[in-house]
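Inspection log for the structure reproduced underneath, given as structure tokens.
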Amino acid sequence: MRWLFSDSFFSRLLPIFLLCLIPIASSELLANTEIQASLIMGRNGGEQIFETGSRTPDLTGFAGGSRLTYPRNHNFGGLGLALIRSPIEVHLRGTTTGYAIDPGGARNEDFVLPSNSQERSNGFDTGNFQFRDSAYIYSGNRNFADARARSTLSRYDLEALLRVFPFDVASRLNGGSRSSANQGLYVATALRYSYSKYRVYDAIQFARTTRGPFLGPIGIGNSLADSVLETPLGLGYRIQSGRVDYDLLFMINSGYNRSRDHHVQRALNFRVEQASGDGFLLRLGAKYWLTEEYAIAARWYGRRYYARGFLTTDGGLGQEALLVGLSGRQQVWLSTKEAGIEFEITRVLSR
């Protein structure tokens, strides 16, 4: 699976994915299948937080950790393709920021964890049937270093979504409208792949040192590459009223992560391995059919994804290189909270 999460994988996959959006209307496989192509535009807001640490003191007597906060405020655009043959729908889509954009300021905190601090996991707790919707694991911590910086973000998302309407209540609207339009309760599953690349620079840091407090610019901070493969599963409901289709979808997420956090000035690489998690995806939207071939849609979505894995470190300068060599794996939590709105222009290519 290592190749799937490499930086170069997406650069090879994107052209292939976009070529797949070109329908072959004469293919026997697509006979009697409605084909829709879409242009997607939207705005995302939220943050992604990497947190590691331990309340148990290490060999030096230190108990603490680090928290890195990366903003996810950006515009995006992309293409979509839908293949509809009642009672099944297959939706393919790819969206991207297009280039490295400014998502907002990043933050890097290093802290100590006193005896009265708390460590609480987030996401779904199946043992107690609870869900903790917080991106923070540790509370009661005291920062001894705090850096704020500018950042850039490049992000790419691919999704293949399958909808199945088991009760087959597909209907033809009055006047000879869409023959393949499905409505009612449906089951949905998907395969989602996301890759993001952050670069942090122009950092201003405050730190308590043995020589006293320090506050000043430190230049380049770090870079973070993160890949996520998710397999959501859930239920949805679609209802039609005249020319408008209303759609509600809720899915439970499970996923797998690989990440690499490179701190430039310290020459350190932090690698996240064996990270998996869960969360949910909620979508609520409406599509208005202007004609039999053209439609416009607006959709709101919310996404939570909370993963847990192990952090291994290599590199370092001076004494830090020795400490890194003697250190083992640490726990790490990767938490994403985001929401947004997107708009879609749809063209029916064939029926």
Side-chain angles (χ1 to χ4, degrees), residues 1-24 35-44 46 48 70 72 74-84 88-101 103 153-163 188-198 224-234 236 249 251-260 272 275-283 285 297 299 301-305 307 334 336 338-346 349:
M1 293 284 288
R2 185 182 299 272
W3 60 272
L4 180 62
F5 296 91
S6 65
D7 293 359
S8 60
F9 171 73
F10 188 82
S11 64
R12 297 193 300 267
L13 181 62
L14 181 59
I16 299 174
F17 180 82
L18 294 179
L19 286 175
C20 290
L21 299 183
I22 303 176
I24 307 175
I35 305 174
Q36 302 176 0
S38 301
L39 177 64
I40 305 168
M41 300 164 287
R43 175 70 180 179
N44 188 81
Q48 185 176 40
Y70 298 96
R72 298 171 79 88
H74 60 82
N75 299 325
F76 61 87
L79 300 173
L81 179 71
L83 307 176
I84 304 172
I88 295 175
E89 298 181 2
V90 177
H91 297 261
L92 307 175
R93 55 180 281 159
T95 58
T96 177
T97 58
Y99 53 91
I101 53 88
L153 167 65
S154 300
R155 181 178 176 181
Y156 311 92
D157 294 273
L158 298 177
E159 178 183 275
L161 172 67
L162 173 67
R163 289 186 172 105
T189 186
L191 182 66
R192 292 170 48 88
Y193 175 78
S194 178
Y195 174 80
S196 58
K197 176 76 172 185
Y198 283 95
L224 170 71
D226 179 46
S227 298
V228 186
L229 187 65
E230 298 172 85
T231 54
L233 176 65
L249 173 61
M251 294 192 289
I252 300 296
N253 252 346
S254 60
Y256 177 82
N257 292 68
R258 284 185 66 91
S259 305
R260 176 180 176 269
V272 177
S276 59
D278 50 46
F280 68 84
L281 179 64
L282 176 64
R283 292 175 178 169
R299 184 181 301 110
Y301 64 88
R303 175 176 174 265
R304 300 289 189 268
Y305 180 69
L334 304 89
T336 302
E338 60 185 351
I341 188 169
E342 60 185 30
F343 301 94
E344 189 174 278
I345 302 174
T346 299
L349 301 180

Please verify the inter-ring angle class for Tyr198 with Tyr70; under 30° counts as parallel, over 60° as perpendicular, anything in between as tilted.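 The rings of Tyr198 and Tyr70 sit tilted, inter-plane angle from 30° to 60°.
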Please assess Asp278 against Ser254 for the test side-chain hydrogen bond (donor to acceptor under 3.5 Å, both in side chains), listing each intermediate value before the final yes or no. CA-CA 4 Å; Asp278 50 46; Ser254 60; over 6 Å; no
Glu159 bridged to Arg283 by N-O distance under 4.0 Å: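 Counted as a salt bridge, because a side-chain N and a carboxylate O are separated by less than 4.0 Å.
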Between the side chains of Arg155 and Glu338, is the shortest nitrogen-to-carboxylate-oxygen separation below 4.0 Å, so that they form an ion pair? yes
Can you name the closest pair of heavy atoms from [X] and [Y] and give their distance?
X: Asn253; Y: Pro232; result: OD1-CG, 2.9 Å
X: Arg303; Y: Val228; result: NH2-CG1, 4.4 Å
X: Leu349; Y: Ala37; result: CD1-CB, 3.9 Å
X: Arg43; Y: Tyr301; result: O-OH, 3.9 Å

Can you confirm whether [X] sits close enough to [Y] that some side-chain heavy atom of one is under 4.5 Å from a side-chain heavy atom of the other?
X: Ile35; Y: Leu83; answer: yes
X: Glu230; Y: Leu281; answer: no
X: Gln48; Y: Leu153; answer: no
X: Tyr195; Y: Ser154; answer: no
X: Leu92; Y: Leu79; answer: no
X: Met251; Y: Leu233; answer: no
X: Thr189; Y: Thr231; answer: no
X: Tyr305; Y: Leu334; answer: no

Between atom [atom1] of [X] and atom [atom2] of [Y], what is the distance when rounded to the nearest 0.5 Å?
X: Glu344; Y: Gln36; atom1: CD; atom2: CD; result: 8.5 Å
X: Met41; Y: Asn75; atom1: CE; atom2: CG; result: 11.0 Å
X: Ile40; Y: Asp157; atom1: CD1; atom2: CG; result: 10.5 Å
X: Tyr156; Y: Thr95; atom1: OH; atom2: OG1; result: 11.5 Å

Using side-chain hydrogen bond (donor to acceptor under 3.5 Å, both in side chains), reason through Ser38 and Thr346 one step at a time and then give a plain yes or no. CA-CA 4 Å; Ser38 301; Thr346 299; 3.1 Å; yes
Return the set of residues passing side-chain contact (heavy atoms from CB on, under 4.5 Å) with Ile341 (not counting sequence neighbours), or none when no residue passes.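 Counting only residues at least two positions away or on another chain, Ile341 forms a side-chain contact (heavy atoms from CB on, under 4.5 Å) with Phe343.
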Taking it one step at a time, do Leu229 and Leu191 satisfy side-chain contact (heavy atoms from CB on, under 4.5 Å)? CA-CA 7 Å; Leu229 187 65; Leu191 182 66; 4.0 Å; yes
